[in-house]
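Below is one structure, written out as structure tokens; comments come after it.
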Amino acid sequence: QVQLVESGGGLVQAGDSLRLSCAASGRTFSSTSMGWFRQAPGKEREFVAAISWTGGSTYYADSVKGRFTISRDNAKNTVDLQMNSLKPEDTAVYYCAVKKFGGNYKDAEDYRYWGRGTQVTVSS
């Protein structure tokens, strides 16, 4: 069992930066890939970024590539999402999740544990 708690969300202006953090409990954290997803009002949950269990491989949605950076610290059981050059369309609730073994990094169905999310609002 893994429990995830996201933090770092807030209200910012377009062009600003935010750093989200996901704190995980559970001894399996360091051996699992992790992902960040987001869900805007009236829209489906969408993939944002993912990182392999070693941190050696990262994956990004095209909409955030070059602006967002995912990282992890297995010693601290945390996964961060640095978000730069934020846009109003980045407004959403952001969730971190633990990936199942195998499957597709971009598919929410391939993640088994989820946090409750943190709200990010970007004003124009």
Can you name the closest pair of heavy atoms from [X] and [Y] and give their distance?
X: K99; Y: D110; result: CG-O, 3.4 Å
X: L81; Y: A49; result: CD1-CB, 4.1 Å
X: A92; Y: A40; result: CB-N, 3.8 Å
X: M83; Y: L20; result: CE-CG, 3.7 Å
X: A50; Y: Y111; result: CB-OH, 3.7 Å
X: G56; Y: S52; result: N-OG, 3.3 Å

In Å and rounded to the nearest 0.5 Å, what is the [atom1] to [atom2] distance from [X] to [Y]?
X: T32; Y: Y113; atom1: OG1; atom2: OH; value: 9.5 Å
X: S123; Y: L11; atom1: OG; atom2: CG; value: 5.5 Å
X: R67; Y: S85; atom1: CZ; atom2: OG; value: 7.0 Å
X: E6; Y: Q119; atom1: CD; atom2: CD; value: 12.0 Å
X: S33; Y: I51; atom1: OG; atom2: CD1; value: 8.5 Å
X: M34; Y: T78; atom1: CE; atom2: OG1; value: 9.5 Å

With heavy-atom distances below 4.5 Å as the criterion, would you say the side chains of [X] and [Y] are in contact?
X: K106; Y: Y59; answer: no
X: R72; Y: W53; answer: yes
X: W36; Y: V79; answer: yes

Taking only Lys NZ, Arg NE, NH1 and NH2, and the carboxylate oxygens of Asp or Glu, determine whether [X] and [Y] approach each other closer than 4.0 Å.
X: E46; Y: R38; result: yes
X: D62; Y: K65; result: yes
X: D80; Y: R19; result: yes

Requested in this report: Would you please test I70 and Y60 for side chain to side chain contact (heavy atoms under 4.5 Å, CB included) and show each step?
Outcome: CA-CA 9 Å; I70 188 171; Y60 297 94; 3.5 Å; yes
Report task. Answer with yes or no whether the side chains of E89 and T91 bring together a donor and an acceptor at under 3.5 Å. Result -> no
Query raised in the report: Is there a donor-acceptor pair under 3.5 Å between the side chain of Q82 and the backbone N or O of T69?
Result: no
Report task. Please check if the side chain of D90 supplies one atom and the backbone of K87 the other of a donor-acceptor pair under 3.5 Å. Result -> yes
**Report entry** Within 6.0 Å of NZ in K100, more than 12 heavy atoms from elsewhere
**Finding:** yes
Query raised in the report: Are T121 and V12 close enough, and set up right, to give a side chain to side chain contact (heavy atoms under 4.5 Å, CB included), and what steps lead you there?
Result: CA-CA 6 Å; T121 303; V12 296; over 6 Å; no
Query raised in the report: F68 and N84: side chain to side chain contact (heavy atoms under 4.5 Å, CB included), yes or no, with the steps?
Result: CA-CA 6 Å; F68 291 12; N84 298 328; 6.0 Å; no
Report task. Kindly work out whether a path of hydrophobic side-chain contacts (I/L/V/M/F/W/Y, heavy atoms less than 4.5 Å apart) joins Y95 to V122. Result -> no
Query raised in the report: With ring centroids as reference points, do W114 and F37 lie under 6.0 angstrom apart?
Result: yes
